[in-house]
Amino acid sequence: MSQKIVLIDGHSILNRAFYGLPDLTNSEGLHTNAVYGFLTILFKILEEETPEYLTVAFDVHAPTFRHEMYAEYKGTRKPMAEELRQQVPVMKEVLKAMGIKTIECAGLEADDLIGTLSACCEKEGMEVSVISGDRDLLQLATDHVKIRIPKTRQGRTEVEDYYAADVKERYQVTPSEFIDLKALMGDSSDNIPGVPGIGEKTAAKIIVKYHSIENAHAHADELKPPRAANAMKEHWDLAVMSKELATINVNAEFPYELAEAKLENIYTEEAYAWFQKLQFKNLLSRFDVKAPSNKIEDSFHEIRNRKEAEAVFEKADGAACIGACIFKNKEEVLPLFADQAQIGGIGISFSKEDHYCIRTGPDLQISWLLEQLSRVAAGAERFAIFDLKSQLDNLKIQKKENCFDVTVAAYLLNPLKSNYDYEDVAREQLGLVIEEKSEEYVKVCYEAYTAFAASRILLDKLKETGMEELFTKIEMPLVFALYHMEKNGVRVNSDALKEYGDQLAVHIQALEKEIYEEAGETFNINSPKQLGVILFEKMQIPGGKKTKTGYSTAADVLEKLAPDHPIVSKILEYRQYAKLKSTYADGLAAYIGPDGRIHGKFNQTITATGRISSTEPNLQNIPVRTELGRMIRKVFVPEEGYVFVDADYSQIELRVLAHCSGDAHLIEAYREARDIHRITASQVFHVPFADVTDQQRRNAKAVNFGIVYGISSFGLSQDLSITRKEAAKYIDDYFQTYPGIKTFLDHAVQHAKDQGYAVTLFGRRRPVPELSSSNFMQRSFGERVAMNSPIQGTAADIIKIAMIGVDRRLKEEGLKSRLVLQVHDELLIEAEQTEVETVKEILRQEMEQAASLDVPLEIDMHTGDNWYEAK
DNA sequence: TTCCTCACG
DNA sequence: ACGTACGTGAGGAAA
């Protein structure tokens with residue numbers, strides 16, 4: 001059995017992968033789709049071929065055209081897309097990490113390298129497989145050299161295989177004649193000119209008959225269409241040049257040791273680290289349990305008895321930094337007891353050598369363990385732990401000031417990531433790769449150790465990036481405020497909620513029936529696909545396609561059709577009821593706890609801008625804009641003896657914008673008047689404040705929103721249903737009126753371009769990798785983000801400060817009243833009746849004084865016996 | 001899972 | 001020429 005070598009055309013396959021896959025990025029903003037696609041193809045090929053040798057060839061110059069001379073002559077050289085260019089060095093590193101031989105050679109194309117290698121290897125009696133997306137390489141095919149062209153079809157990669165015979169079958173020419181064929185017909189993608197006037201068909205006929213351009217030229221007068229005969233004579237020089245360009249050099253000279261191409265285990269530690277970094281989660285499973293021999297693991301200890309545990313805590317007492325974690329028992333417990341969520345023990349790490357996993361046991365009570373942990377934590381300069389909020393039920397924190405939430409710190413340093421697990425932090429900050437299959441105690445020790453070791457590094461990075469104060473003064477105190485809020489929960493009248501749901505069900509059924517009657521058949525109204533077919537095909541309602549998958553049935557589309565088609569308005573109504581029932585009536589009911597309250601989660605490490613997010617359930621999107629939806633707020637009620645006090649900032653984002661831009665005109669305006677949209681209308685449209693029409697105010701409001709979102713004439717025109725030109729005029733008028741805003745927004749974009757991130761008034765950063773994209777759409781998006789993030793982010797900073805202040809004062813002043821919800825610019829407090837005035841005073845002070853801007857921060861405040869009334 | 005739709009600021 | 005407003009989360013359908 002002869003040996004086999006696989007030769008891969010690196011750039012060609014990367015290119016294929018890049019254009020064949022959607023744009024993927026890892027959480028650091030690094031584009032990864034080409035690398036991912038390349039690896040997918042590589043694995044597939046290796047599985048099929050099981051070769052002894054493997055080599056990947058690259059061109060030396062990244063933006064590659066096979067024939068630079070001609071490319072320059074034609075002036076058609078296009079630079080490689082930035083997103084792809086970035087991935088080339090990464091690809092080479094990944095291959096290196098996998099121990100795969102790569103070659104490149106100045107002055108030689110990858111084609112020439114591959115051609116030469118395939119010829120040599122064949123001579124040595126080997127079987128050769130050449131992997132390329134480029135059909136040019138078909139000329140290399142023989143009985144022992146197979147050209148394999150991968151194609152991505154519907155997400156799956158299929159490979160077309162060509163031996164010499166297959167080339168002949170498919171193209172009716174031999175591999176070497178293939179060169180002549182190309183020389184005649186040319187190849188625009190490869191910048192081979194070919195002979196003008198001779199296309200694919202004619203070229204094929206000529207080569208099939210005459211086998212080479214030289215022979216064809218000799219018989220030029222006999223060539224079939226007279227046009228081809230003339231072309232051949234007239235452009236013979238082009239034909240010769242093209243043939244030269246199309247010919248791959250199989251006798252190139254370059255250094256190469258076959259032994260280096262020997263395929264060893266590609267699933268190395270280094271490769272594993274790369275795959276993790278690139279977040280190729282499903283490719284990671286290919287790796288065997290190859291434990292990295294990290295020395296640190298030697299000092300990981302598992303402790304199961306009281307004596308040793310006591311010794312650990314004694315030693316930990318007084319340590320400068322303590323890293324810890326609390327872990328749960330594996331779910332061997334019957335579901336019946338699942339909600340007990342038993343704690344299995346803790347991890348603790350406090351020096352280079354001290355890392356312990358302490359398990360609960362007969363003489364190691366969990367309560368004692370947690371007590372000890374809390375005690376030593378209070379004594380340390382820094383107590384580091386992941387996701388502190390989730391552990392506050394277990395820990396008795398005596399000193400908030402020394403707490404360091406590693407998750408939150410990692411979030412501040414890169415808010416774009418989707419999770420901040422200890423595995424990620426260990427890899428990113430400590431360069432440690434933790435083995436998936438490690439024993440539990442090892443993982444526990446790793447988590448504690450990572451908290452311990454990474455906290456120092458993260459703290460330094462926070463200092464370097466000017467975010468230390470943001471972290472210690474805002475984010476860390478906020479952890480506790482959010483914990484209190486979750487713990488408090490919000491009371492919901494479940495009977496009233498049920499009643500609300502039942503009423504909705506009645507309406508839904510009636511509407512369903514009417515819709516089926518008008519449609520003439522029953523179908524699933526919730527299915528956009530089925531609905532599209534009914535409306536736009538069966539009922540022939542005009543309003544064509546919009547989405548990739550079919551017709552758009554979004555509300556803004558349907559609203560335009562509603563006046564002419566009763567069924568459409570019924571569908572809109574149905575949708576509204578269905579949404580209210582499924583998401584709110586039924587959805588919320590599932591979260592009401594035994595205490596009659598919903599304890600939703602408020603997440604601190606989700607959003608890119610610094611806002612808080614709310615899940616399980618989302619309490620930040622309870623309906624309010626329509627009366628019907630707003631009614632659901634009546635089921636949110638305070639407990640007996642309490643009332644709701646609701647306070648929300650008035651136009652906080654626009655006020656932030658006025659302050660940050662320093663536009664004197666706008667600042668002056670906002671100092672005077674409360675109705676910001678009206679004053680904008682007055683100044684932009686040059687009419688007295690009192691004479692502003694409703695339409696003018698609406699337009700001004702839309703412009704204000706547009707400014708905050710990162711204005712574009714297209715977006716504004718959509719919103720106002722006007723032409724782009726008119727929208728552009730509004731924007732222009734706005735900038736004329738407030739030139740400071742224009743300057744500020746331009747600066748925001750420029751700053752983000754220069755620094756790579758947008759920044760808030762309090763130093764919070766948001767990376768904007770899209771700004772360096774070669775894609776217009778992406779880049780425009782980046783610009784809008786650069787304009788919006790500082791505004792939205794600063795507003796988020798401010799309300800966080802307010803929340804912390806409100807929560808702190810409610811506690812400090814010994815009040816029973818409590819914070820129950822935050823909705824971005826709004827705080828809801830369940831206030832004990834006799835404390836209402838105090839609470840209102842606290843809210844007003846803490847919210848209005850949260851930041852001192854050049855414009856006043858104003859709030860609207862209401863009280864009520866339910867959320868509907870209090871808003 | 002991914003897409004579409006829609007609820008909020 | 002490109003095809004959008006910024007930031008979220010959830011439910012239902014279809015793949």
Side-chain angles (χ1 to χ4, degrees), chain A residues 22 154-155 282 415 523-532 546-558 571-572 574-588 590-591 600-603 606-626 628-630 632-633 648-649 651-653 657 702-720 724 727 731 758 766 768 770 773-793 795-796 799 821-826 871:
Chain A
Q154 283 139 9
N282 47 348
F523 64 100
N524 188 343
I525 308 169
N526 285 320
S527 160
K529 197 176 164 186
Q530 294 181 35
L531 181 59
K546 233 190 139 188
T547 60
K548 291 157 235 167
T549 45
Y551 303 101
S552 169
T553 65
D556 59 335
V557 175
L558 296 192
I571 285 163
L572 285 166
Y574 171 92
R575 281 235 182 109
Q576 198 191 359
Y577 282 101
K579 172 88 176 179
L580 290 170
K581 174 126 170 63
S582 67
T583 305
Y584 298 103
D586 300 347
L588 290 175
Y591 286 99
K601 288 186 176 160
F602 288 92
N603 316 295
I606 299 288
T607 70
T609 52
R611 274 188 177 180
I612 286 162
S613 98
S614 163
T615 50
E616 299 172 64
N618 184 351
L619 294 170
Q620 291 180 322
N621 72 345
I622 305 301
V624 70
R625 291 175 189 170
T626 68
L628 179 69
R630 195 173 193 151
I632 203 169
R633 293 184 172 223
D648 69 290
Y649 281 110
Q651 301 302 339
I652 187 169
E653 291 185 339
L657 175 64
V703 175
N704 277 332
F705 270 96
I707 296 290
V708 170
Y709 290 160
I711 197 83
S712 81
S713 56
F714 190 90
L716 183 63
S717 70
Q718 283 283 301
D719 192 53
L720 285 177
R724 243 175 113 152
I731 294 167
R766 182 217 168 129
V768 194
E770 295 87 352
S773 169
S774 62
N775 178 302
F776 173 87
M777 247 260 319
Q778 291 265 307
R779 212 169 46 246
S780 305
F781 173 73
E783 287 167 5
R784 294 194 294 272
V785 162
M787 295 188 253
N788 170 267
S789 296
I791 304 171
Q792 190 183 121
I799 192 155
L821 292 180
Q822 188 258 34
V823 193
H824 308 308
D825 67 349
E826 170 188 0
K871 174 81 179 148

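Protein chains get the first letters and strands the later ones, always in sequence-line order, with residue 1 at the start of each.
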Of C/dA5, C/dT4, B/dG9, the nucleotide closest to the side chain of A/F714 is C/dT4

Closest to the A/M777 side chain, choosing from C/dC6, C/dG9, C/dG3: C/dG3

Can you find a donor-acceptor N/O pair under 3.5 angstrom joining the side chain of A/R784 to the base of C/dT4? yes

Closest to side chain of A/N621, choosing from B/dA7, B/dG9, C/dT8: B/dA7

Classify A/R575 by what it touches in the nucleic acid, base, sugar-phosphate, or nothing, heavy-atom distance under 4.0 Å. sugar-phosphate

Compare the minimum distances between each of C/dA10, B/dA7, C/dG7 and the side chain of A/Q576, then state the nucleotide with the smallest one. B/dA7

Under a 3.5 Å limit on both distances, the Watson-Crick or wobble mate of C/dC6 is B/dG9

Of all the nucleotides listed (B/dC8, B/dC6, C/dG3), which has the minimum atom distance to the side chain of A/V624? B/dC8

With a 3.5 Å cut-off and heavy atoms only, can you find an N or O donor on one side and an acceptor on the other between the side chain of A/R766 and the base of C/dG7? no

Starting at the 5' end of DNA chain C, which residue's closest nucleotide do you reach first, A/K529 or A/N788? A/N788

Closest listed nucleotide, where the reference is the side chain of A/S712 and the choices are B/dG9, C/dA5, C/dA10: C/dA5

Residue A/T607, side-chain heavy atoms: nucleotide from C/dG9, C/dG3, C/dT8 that is nearest: C/dT8

